[in-house]
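Please read the structure below before turning to the comments.
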Amino acid sequence: MNRKLTRSTVMAAKTSEKLLAVFHRLYARYGPQGWWPGESPFEMIVGAILTQAAAWRNVERAIANLKAAGVFSPQDLHQISREDLGRLLRPVGYFNAKAHKLQAFLDALYRDGHGDLARLLALPLPELRERLLAIHGIGPETADAIILYAAGKPSFVVDAYTRRVFHRLGLGPTSDAYEPWRSFFMESLPADASLFNEYHALIDRHAKETCWRVPLCDRCCMREICPYGQSPP
DNA sequence: GCCCAGGTGGGTA
DNA sequence: TACCCACATGGG
């Protein structure tokens with residue numbers, strides 16, 4: 001009588017197998033990626049906000065500016081003027097918008113959390129995610145990056161690269177919307193922060209190095225299991 | 001010159 | 001919901 005249920009369970013198991021197979025191929029090809037760069041959870045959060053639509057190299061420059069100016073702490077960044085902060089953030093682009101976003105995070109931290117970052121990050125995952133998403137400038141990808149890389153909790157991070165790579169592999173939702181993609185990974189993989197951490201980093205590495213907008217299928221480690229690689233349009 | 005880079009928020013149909 | 005645009009610097 002549970003034929004349908006059984007069937008969907010089997011399908012889910014196959015999806016899970018495929019996702020793990022992709023992971024192992026990526027890991028075999030590229031090795032451990034060591035994400036997220038950053039010396040502290042606070043630095044990871046600042047990086048997560050600053051890297052929105054920006055190259056990581058430029059994020060490093062901006063963080064170096066903040067450190068050189070002696071304002072790289074929640075308290076200092078909360079108190080510095082928007083204008084001064086913007087000047088230090090110039091290298092990341094969108095520096096006014098990002099100064100606003102960074103201070104929106106710090107406003108929330110001081111308003112709701114008394115400036116206690118560790119306490120915020122210690123919240124249970126669903127509540128932490130909800131709190132982060134309520135902050136101006138923190139959308140789902142940045143929220144999940146903070147949860148995964150700064151709080152060490154298993155929230156899968158989806159970005160444009162993820163959609164591109166898995167769309168070509170013939171896996172995942174047809175929609176481009178964020179939540180269906182996140183659910184797809186969360187429901188198909190064990191809730192393991194170190195797995196999510198490495199997987200997301202490997203996807204980005206693969207997209208940057210091989211699965212370009214015009215992909216380099218002849219050098220791809222996924223050739224044998226990727227429908228796109230076997231018959232590009 | 002042109003495209004892209006580890007997105008998000010606000011506005012409109 | 002589904003697009004569109006602003007936000008802006010740096011590198012290939």
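Per chain, numbering begins at 1; letters A, B, ... match sequence-line order.
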Practice prompt. Summarise how protein sits on nucleotides 7-12 of chain C as a single string, 5' to 3': B when a protein heavy atom is under 4.0 Å from the base, S for sugar-phosphate-only contact, - for no contact.
Written response: BBSSS-
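Residues from residues 173-193 of chain A lying near DNA chain C, meaning a heavy-atom separation below 4.0 Å, are absent. A heavy atom lying under 4.0 Å from DNA chain C marks none of the residues of residues 196-216 of chain A. Listed in residue order, the members of residues 44-52 of chain A having a heavy atom less than 4.0 Å from DNA chain C come to none.
Put simply, the side chain of A/R164 does not reach to within 4.5 Å of the side chain of A/P215, judged on heavy atoms. By the 4.5 Å heavy-atom criterion applied to side chains, A/D204 and A/W35 are counted as neighbours. Between A/M222 and A/R168 there is no side-chain heavy-atom pair separated by less than 4.5 Å. Taking the side chain as every heavy atom from C-beta outward, A/I146 and A/L121 approach each other to under 4.5 Å. Put simply, the side chain of A/I80 reaches to within 4.5 Å of the side chain of A/Q103, judged on heavy atoms. With contacts defined as side-chain heavy-atom distances shorter than 4.5 Å, the pair A/K101/A/I138 does not qualify.
By the 30° and 60° cut-offs, the orientation of the rings of A/H200 relative to A/F156 is perpendicular.
Just one residue in the list A/I147, A/L195, A/L189, A/L125 forms a side-chain contact (heavy atoms from CB on, under 4.5 Å) with A/P154, and that residue is A/L125.
Taking atom C1' on both B/dA5 and C/dC3, the two are 22 Å apart, rounded to the nearest angstrom. Between the P atoms of C/dC4 and B/dC4, the separation comes to 16 Å (whole Å). Distance check on atom P: B/dC3 versus C/dA6 gives 16 Å, rounded to whole Å. With P as the reference atom, B/dT8 and C/dG10 are 23 Å apart, rounded to whole Å.
When ring centroids are compared, A/F72 and A/F42 come within the 6.0 Å threshold. Annotation: A/F166 is in aromatic contact with A/F185 [ring centroid separation under 6.0 Å].
Nucleotides of DNA chain B nearest to A/G137 and A/A145 differ in position, and the one nearer the 5' end is that of A/A145.
A salt bridge is defined here as a Lys NZ or Arg NE, NH1 or NH2 lying under 4.0 Å from an Asp or Glu carboxylate O, and A/R131 with A/D112 fails to meet this definition. For A/K153 and A/E127, the salt-bridge test fails: no basic side-chain N is under 4.0 Å from an acidic carboxylate O.
Within the 4.0 angstrom heavy-atom criterion, only backbone atoms of the sugar-phosphate kind lie near A/I135; the bases stay farther away.
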Polar pairs (N or O, both sides) under 3.5 Å between protein and nucleotides 4-6 of chain C?
none

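In this structure, of B/dA5, B/dT8, B/dG10, it is B/dG10 that holds the atom nearest to the side chain of A/H136.
Both A/L102 and A/I63 are part of a single hydrophobic cluster, where members link through side-chain heavy atoms under 4.5 Å apart.
Residues A/N197 and A/S194 have side chains that never bring a donor and an acceptor to within less than 3.5 angstrom of each other.
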Worksheet entry | Dot-bracket summary - DNA chain C, pairs being Watson-Crick or G-U whose distances fall under 3.5 Å, with | when paired to another strand | |||||||.||||
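Remark: C1' of B/dT8 and CD of A/Q103 are 17 Å apart, rounded to the nearest angstrom.
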